[in-house]
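Residue numbering restarts at 1 for every chain, and letters A, B, ... go by the order of the sequence lines. The figures here come from the full heavy-atom set of this structure, side chains too, leaving out hydrogens, waters and symmetry mates. Remember, predicted model here, so these are calculated numbers, not experimental data.
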Amino acid sequence: MRNQQLGHKVRRQHVIEEFIIDFAFLNEQVLIEVDGDYHNDEEQKQYDEIRTCYLNDLGYELIRFSNNEIEHQIEEVIAKISTILKSKKAQLNIEEKASHQIKVYTTRPDTIFGVDFLVLAPEHDLVNQITTEAQRGSINEYLTYVKSRSDRERMAEVKQISGCFTGAFATNPFNGKQIPIWIAEYVLAGYGTGAIMAVPCGDQRDFLFAQHFEIPITNIIGNHFDGTQANPTKEAVLQNADFLNGLLMKDAIKVAIEKIESLGIGKRKVNFKMRDAGFSRQRYWGEPFPIRWEDGMAMAKEETQLPLELPHVEKYGPGPEGEGPLANIESWKSENLETSTMPGYAGSSWYFLRYMDPKNSNTFCDKKVSDYWGQVNVYIGGTEHAVGHLLYSRMWTKVLFDLGHIGFDEPFKRLVNQGMIQGSSRFVYRVKGTNEFVSFGLKDNYDTDELHVDVNFVDGIELNTAAFSNWKPDYANASFILEEGKYLCGIEVEKMSKSKFNTVNPDDLVLKYGADTFRMYEMFLGPIEQSKPWDTKGIEGVHRFLRKLWRLFNDDLKGKVWNDENASDAELKILHRTIKKIESDTENFSYNTAVSAFMVCVNELSDLKCHKKTILENLLILLMPYAPHISEELWHQLGHTTSILDAAYPIFEASYLVESSKSYPISINGKLRTNIEMSLTAEQSEVEQIVLNNEIVQKWLEGNAPKKIIFVKGKMVNVVV
RNA sequence: GCCCAUGUGGCGGAAUUGGUAGACGCAGCAGACUCAAAAUCUGCCAUUCGCAAGGGUGUGAAGGUUCGAUUCCUUUCGUGGGCACCA
């Protein structure tokens, strides 16, 4: 719309009821839609017709232009819009003498009788029209103040209350009450309708606002409101609320909506929050947009001219006006090509499809090929990927599915969000306005600033003051207030980040223990989904396990100890129990319990002094994904000449695990009292007899007959007395 | 404020569909081997009463369902993460 050269306020992609309109002139009630080729389709034409009628009924005039008109006859298009806007303006000026309607959006229609004022966003279209002459000066002053504030300030200073009265009053449609209309920056133009009904007894922000500007408060929830703060409950019974009196608030919501709809003064609506895509980056690395700018309009390159490839650049510095590096390329600029590039997730949202068919020069991926490979089995990522990459990847996939290019509409079969390894931060406390630092235990006696200190200068919580002083020139002259001769730091678990000086480098550990130990220790720390602070305490245990494994193959003094003997039943039982456990733990991403199962297995084999190749080689294959280096090494020591990666995975045999008897736990009234070894084939009557004859059970029965005996085969026995 | 996790020994954490709470590891204690150390091995290790045998209490807190609850239900408190002047 030519950068508002039309002299009218235009909104792009504005939502009206359930439609997204390409361009909307809300003041003039004129909407512009631009139709592409697919609007020539009969079915689509009918749909468009319905949409046009519906919007006309709401009082809007809808004008349609074809894509072709926009591209080739833009001057005519603009002229036409101008003419219509002019005629509309005249019409509206007459109507403006009449009263206005303010639409508000609320999730709590049950509180309609507690409304004490209305607040519009400062940017709201009606502000100018409804402001009374008496208030115009203050309103303009307030608007100037709001404009001077950056978004950042508005978000940061949440506690600060500001606003201005317009002088106008609105009528509550239910009880005719006159309620003052204010404007305030805490109401956002972009959310809902940009106007709220304020209920001070139920909403804390509204309450603070009312208190600050001394607006009288109506109480509709009786004792639930104590006059000192709002109570956002839904559990109170309404009073002072006309037809809602006596209703529980959460039930009243439905009643109120129905009443509002039957009176035709509003409607039920789900409000969606739009997430801003921000789909461009001012940098070099990223797919270039196939977009050319002409007279301020973005034009897509012809399909035949694709792909558009990144040009070679000498430098990656920004362009003359702060644009991306592509702005430095003559040929790029002369074509008026877009200089921003796409963000990382543009490509990462669909590259798995291209990987299926990477050499295809006709299409990104033959449908036959993607049908064969199907969805990605598992997606593992952190939560930040869940909102970024994952969101877009799902959208890409759904679009490609709708267009018929692929046969599935979700990219990933399974999603695992791994937890974060957090940092354990350390803090020092500087007495305000000085270069004096006070130890943690004494800091409450002073007015201090809390500062992050590099964790490498801290042993436990004791600060190495010399290292700290050398850290930055500012601290060279620092003095310290110690407790018991030590400077103690504060601790907090946070995201690991350079800015928090709590990062640790795994290189040192890898150097000391090897990559296998490090890898297994990370797995052993706990469930993969859980976040936890990094702590190397316990890495020794994993390292000892690998050494113990090594000793099953080699003796420190004698060298090779593994042999070709046949395995015993006991050894086979250990092996197959491990195969079963590792298989299921691996599939469930339960890596910490898998590592534990390996430890149990190696402990038991050591106890049996088992050095048999037939057992050990299977164990190595299981271990390979967990400790790849040592597994490969030992595999070759066993005489294999090919990689362990090519070995067949061991097959679990249930027959090795069959037991004939079990040591049953015996409870009296649910409390464990003893264990009795019994055959696994024993039935209820047989078990009852054995249990009742048991000395310890008899002691607890004290001569009484049991009320009931619960027997779960293969599990336990409970005697109820 | 909203959403999602989560709470079990000194510590990290185990515990199939409700069925022996504390597997495995760390730290700790005692011992073996050694001139000594490292490495390795053995035993103990929730808490409380008890010489012992054996009891009591225990999975953030309070209730409930059940023969039986870390597991299910209700309420509540704490912690971590994500989003947020979002009505």
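- Both distances falling under 3.5 Å, in either a Watson-Crick or a G-U wobble arrangement, place rC2(B) opposite rG82(B).
- At the heavy-atom level, Gln530(A) lies under 4.0 Å from the strands shown only through sugar-phosphate atoms.
- Relative to the side chain of Arg547(A), the nucleotides rC67(B), rG56(B), rU40(B) differ in distance, and rU40(B) lies closest.
- Nearer to the 5' terminus of RNA chain B, by closest-nucleotide assignment, is the contact made by Val719(A) (compared with the other of Val719(A) and Thr106(A)).
- Applying the salt bridge (charged side-chain N to carboxylate O under 4.0 Å, His left out) rule to pairs touching residues 576-586 of chain A yields Arg577(A)-Glu604(A), Lys581(A)-Asp585(A), sequence neighbours excluded.
- The list of side chain to side chain donor-acceptor pair (under 3.5 Å) pairs with a residue in residues 661-673 of chain A, not counting sequence neighbours, reads Ser661(A)-Glu677(A).
- Considering only the side chain of Val720(A), rC67(B) comes nearest among rU20(B), rC41(B), rC67(B).
- rG9(B) takes the syn form, because its glycosidic angle lies no more than 90° either side of 0.
- With P as the reference atom, rG10(B) and rC45(B) are 15 Å apart, rounded to whole Å.
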Every protein N/O lying under 3.5 Å from an N/O of nucleotides 15-17 of chain B:
| from | atom 1 | to | atom 2 | distance (Å) |
| --- | --- | --- | --- | --- |
| rU17(B) | O4 | Lys715(A) | NZ | 2.7 |

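- Remark: the separation of the P atoms in rU66(B) and rG12(B) is 36 Å, to the nearest Å.
- Rounded to a whole angstrom, the distance from the P atom of rA21(B) to that of rC73(B) is 22 Å.
- Between rG55(B), rG19(B), rU20(B), one nucleotide has an atom nearer to the side chain of Asn675(A) than all others, and that is rU20(B).
- With rounding to whole Å, Glu604(A) atom CD is found 11 Å from rG25(B) atom P.
- Between Glu659(A) and Lys573(A) there is a salt bridge, with a side-chain nitrogen of the basic residue lying less than 4.0 Å from a carboxylate oxygen of the acidic one.
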Can I get a per-line list of side-chain donor-acceptor pairs under 3.5 Å for residues 540-553 of chain A, giving both atom names and the distance, sequence neighbours left out?
| from | atom 1 | to | atom 2 | distance (Å) |
| --- | --- | --- | --- | --- |
| Glu540(A) | OE2 | Tyr513(A) | OH | 2.9 |
| His543(A) | ND1 | Thr517(A) | OG1 | 3.1 |
| Lys548(A) | NZ | Asn603(A) | OD1 | 3.0 |

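- Applying the side chain to side chain donor-acceptor pair (under 3.5 Å) test to residues at least two apart or on different chains, the pairs with a partner in residues 706-720 of chain A are Glu683(A)-Lys713(A).
- Nucleic acid contact for Asn718(A): base, since at least one base atom lies under 4.0 Å from a heavy atom of the residue.
- Rounded to an integer number of Å, the gap from CZ of Phe524(A) to P of rC24(B) is 10 Å.
- Both Ala597(A) and Lys708(A) lie near RNA chain B, and the one whose nearest nucleotide falls closer to the 5' end is Ala597(A).
- With a cut-off of 3.5 Å on both pairing distances, rA69(B) has no Watson-Crick or G-U wobble partner at all.
- To the nearest angstrom, P of rC24(B) lies 19 Å from OH of Tyr626(A).
- With both pairing distances under 3.5 Å, rG31(B) is matched to rC41(B) as a Watson-Crick or G-U wobble pair.
- Nucleic acid contact for Leu525(A): sugar-phosphate only, since backbone atoms but no base atoms lie under 4.0 Å from a heavy atom of the residue.
- Remark: Lys532(A) fails to qualify as a cation-pi partner of Trp534(A) under the 6.0 Å distance and 45° angle criteria applied to the six-membered ring.
- Across all strands shown, Trp700(A) has heavy atoms under 4.0 Å from sugar-phosphate atoms exclusively, and none from any base.
- Between rC24(B) and rU42(B), the two P atoms lie 13 Å apart (nearest whole Å).
- Ring-plane geometry between Phe165(A) and Phe169(A) is classed as perpendicular, the angle between the planes exceeding 60 degrees on a 0 to 90 degree scale with a lower cut at 30.
- Distance, Arg544(A) CZ to rA38(B) P: 12 Å, rounded to whole Å.
- The nucleotide whose nearest atom lies closest to any side-chain atom of Lys671(A) is, among rU57(B), rC24(B), rC67(B), rU57(B).
- Residues meeting the ring-ring contact (aromatic ring centres under 6.0 Å, His included) test with Phe652(A), sequence neighbours left out: none.
- Between Lys537(A) and rG25(B) there is no side-chain N or O to OP1 or OP2 distance below 4.0 Å.
- Lys707(A) comes within 4.0 angstrom of nothing in the nucleic acid, heavy atoms only.
- Nucleotides rG55(B) and rU79(B) have their P atoms positioned 41 Å apart, rounded to a whole Å.
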